Amino acid sequence: MTISDKEKLARIKLNAFTYLRTDWAERMIDVFGSAEDVLKQSAATLAQQGGISTGTAADLLRDAHALNAEEEVELTRNAGGEILFLGEDGYPAKLAEIKDPPFVLYVRGQMKETGPRVSMVGTRMITPYGRRCCNKFASEISQAGCIVVSGLARGVDSACHAAAVANKKPTWAVVGTGIGRCYPAENRALASAILEHGGCIISELPFNKPPHAFHFPRRNRIISALGSVVVIIEGKERSGALITAKLAAEQGKDILAVPGNIDSIQSGGTNKLIRDGAHALLDTKDIIDMIPFEERFGLDTDFLQEDNKKEFDNLTEVEKRYLSVVGSEEVTVDEIIENLGVSVQEASTVLFDMEIKGVLTCIDGKYSKNKF
């Protein structure tokens with residue numbers, strides 16, 4: 001779909017209403033023909049035909065007409081960013097699929113989809129244990145080639161972004177303000193480092209929108225949607241991190257949570273998530289394993305393979321023969337049987353044991369060395 005420049009400006013103005021829902025906007029555009037025509041209506045007409053209350057319609061029109069859309073475009077461009085529109089090329093596919101995708105998306109920096117993305121969130125009241133977990137997991141997945149997605153908030157979010165930029169790797173920050181602001185203010189240096197190392201700052205809010213309590217739970221749906229998997233580091237039983245986990249579950253995402261001491265308040269939420277079915281995060285390979293297989297190609301996980309190397313060293317002589325046949329290729333069980341001159345029963349037993357050990361993996365009937 002191609003959207004005209006005038007229509008884009010109208011959509012930027014429509015997006016100025018803090019409580020805008022995308023389904024409202026799309027319904028009104030369907031009724032009146034375009035965002036330009038929506039903005040020409042009276043509050044009474046908009047309410048009657050657009051399916052919203054008169055008060056909401058009046059507030060929407062007030063906020064829309066108060067915003068200078070041309071200035072929004074100029075400010076964003078001067079900051080090295082761009083504005084994306086739902087339905088147009090360049091809008092993130094994963095985000096377009098969710099129930100309430102952002103109607104308009106401001107992006108500052110480089111939103112290059114160069115690898116699988118891992119959403120990582122948690123408490124602002126981070127503990128030393130939580131900080132160590134952030135440093136380990138965010139650092140290792142970024143080294144492997146994943147993009148860390150978080151919210152640039154104090155605590156876990158900041159620690160995860162910082163671990164990625166320490167490796168000079170891209171990370172995406174989804175913020176609860178406009179991209180022209182930095183909140184909290186102490187993260188200005190971190191925000192600059194994110195942009196410097198090929199990452200980006202993302203928001204559905206107008207360029208200079210200040211922080212508001214309503215913004216942060218809303219932006220969590222964007223954080224979870226952008227990731228291939230969602231990781232919860234620390235969080236109380238009632239926290240923003242748990243809201244993100246709930247949204248992730250609704251979006252069909254796999255959720256990993258870091259287990260913690262049962263006496264730690266900040267691990268109460270993650271322990272509860274694990275009890276209720278989330279995957280326990282014990283090692284970086286747990287994250288890699290949850291990434292859809294087709295997204296893993298190109299990841300560099302050699303530095304995570306120490307355990308697998310030990311498994312290779314501890315193979316029996318028979319298993320080493322099987323491994324030599326597999327080599328670096330993908331082979332069928334029939335090819336293995338023919339090459340080694342063994343029975344189907346023996347091959348099935350040995351191959352099953354090697355899968356259990358994590359040495360081989362079988363996909364579509366073909367065996368290969370487990371790279372993950």
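Since this is a predicted model, take the numbers as computed values, not measurements.
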Could you check whether atom [atom1] of [X] has more than 12 heavy atoms from other residues, nucleotides or ligands sitting under 6.0 Å from it?
X: I363; atom1: CD1; value: yes
X: D300; atom1: CG; value: yes
X: K136; atom1: NZ; value: yes
X: E329; atom1: CD; value: no
X: F214; atom1: CZ; value: yes
X: K8; atom1: NZ; value: yes

Check whether any side-chain N or O of [X] sits under 3.5 Å from a backbone N or O of [Y] as a donor-acceptor pair, and report yes or no.
X: D286; Y: D283; value: yes
X: S267; Y: D263; value: no
X: S203; Y: I179; value: no
X: K253; Y: G227; value: yes
X: R124; Y: G155; value: no
X: K13; Y: L67; value: yes
X: R27; Y: G50; value: yes
X: T301; Y: A144; value: no
X: T270; Y: A257; value: no
X: S150; Y: H161; value: no

If we ignore angles and hydrogens, is there a donor and acceptor under 3.5 Å between the side chains of [X] and [Y]?
X: Q345; Y: T349; value: no
X: K209; Y: T18; value: yes
X: K112; Y: Q110; value: yes

- [ ] Hey, can you tell me if H215 and H212 have their rings parallel, tilted or perpendicular (30° and 60° cut-offs)?
- [x]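 Aromatic pair H215/H212 classed tilted.
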
TODO: Might you work through the side chain to side chain contact (heavy atoms under 4.5 Å, CB included) test for L323 and L360, ending with a clear yes or no?
DONE: CA-CA 8 Å; L323 191 62; L360 295 182; 3.9 Å; yes

TODO: Begin with the C-alpha distance, continue with both residues' side-chain angles, and end with the deciding distance and a verdict on salt bridge (charged side-chain N to carboxylate O under 4.0 Å, His left out) for K366 and D364.
DONE: CA-CA 6 Å; K366 293 183 177 181; D364 295 332; over 6 Å; no

TODO: For side-chain hydrogen bond (donor to acceptor under 3.5 Å, both in side chains), just list the numbers for S224 and Q251, CA-CA rounded to whole Å, side-chain angles, deciding distance to a tenth of an Å, and then say yes or no.
DONE: CA-CA 8 Å; S224 60; Q251 294 167 359; 2.9 Å; yes

Salt bridge check, [Y] against [X]: does any charged N sit closer than 4.0 Å to a carboxylate O?
X: E74; Y: R77; value: no
X: K94; Y: E295; value: yes
X: K246; Y: E250; value: yes
X: K40; Y: D37; value: yes
X: E204; Y: R221; value: yes

Please examine the side chains of [Y] and [X], heavy atoms only from C-beta on, and report whether any two atoms are closer than 4.5 Å.
X: L351; Y: C362; answer: no
X: N208; Y: R181; answer: yes
X: S119; Y: T244; answer: no
X: Y19; Y: T56; answer: no
X: Q41; Y: V31; answer: no
X: D157; Y: N187; answer: no
X: T361; Y: S368; answer: yes
X: E319; Y: V359; answer: no

Are [Y] and [X] linked, directly or through intermediate hydrophobic residues, by side-chain heavy-atom contacts shorter than 4.5 Å (ILVMFWY only)?
X: F85; Y: F17; value: yes
X: V230; Y: L256; value: no
X: Y106; Y: I3; value: yes
X: I126; Y: I232; value: no
X: L39; Y: L20; value: yes

Which atoms form the tightest heavy-atom contact between [X] and [Y], and what is the distance?
X: L195; Y: G109; result: CD2-CA, 3.8 Å
X: A245; Y: I255; result: O-CD1, 3.2 Å
X: S139; Y: A163; result: N-CB, 3.8 Å
X: L86; Y: P102; result: CB-O, 3.8 Å
X: K369; Y: G327; result: CE-O, 3.3 Å
X: A164; Y: V148; result: CB-CG2, 4.3 Å

Open item on the list: Looking at Y183, I'd like to know if the NZ or CZ of R219 sits under 6.0 Å from its six-membered ring centre while staying within 45 degrees of the ring's axis.
Closed with: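 No cation-pi geometry.
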
Open item on the list: Under the criterion side chain to side chain contact (heavy atoms under 4.5 Å, CB included), I'd like the reasoning laid out for V156 against T123: C-alpha separation, chi angles, the key distance, then a yes or no.
Closed with: CA-CA 6 Å; V156 166; T123 180; 4.3 Å; yes

Could you tell me the separation between the [atom1] atom of [X] and the [atom2] atom of [Y], rounded to the nearest 0.5 Å?
X: I147; Y: C200; atom1: CD1; atom2: SG; result: 8.0 Å
X: C160; Y: N135; atom1: SG; atom2: CG; result: 8.5 Å
X: L299; Y: I141; atom1: CG; atom2: CD1; result: 10.0 Å
X: F293; Y: R296; atom1: CZ; atom2: CZ; result: 6.0 Å
X: E355; Y: D353; atom1: CD; atom2: CG; result: 10.0 Å
X: S53; Y: L60; atom1: OG; atom2: CG; result: 10.0 Å

TODO: Dump the intermediate steps for side chain to side chain contact (heavy atoms under 4.5 Å, CB included) on V121 and N220, then the final yes or no.
DONE: CA-CA 9 Å; V121 296; N220 289 349; 5.8 Å; no

Open item on the list: Is there a side chain to side chain contact (heavy atoms under 4.5 Å, CB included) between T332 and Y367? Walk through the geometry before answering.
Closed with: CA-CA 6 Å; T332 65; Y367 289 87; over 6 Å; no

Open item on the list: Using the rule given for salt bridge (charged side-chain N to carboxylate O under 4.0 Å, His left out), can you reason through D59 versus R62, listing the C-alpha separation, both sets of side-chain angles and the distance that settles it, and then say yes or no?
Closed with: CA-CA 5 Å; D59 290 342; R62 179 200 64 214; 3.0 Å; yes

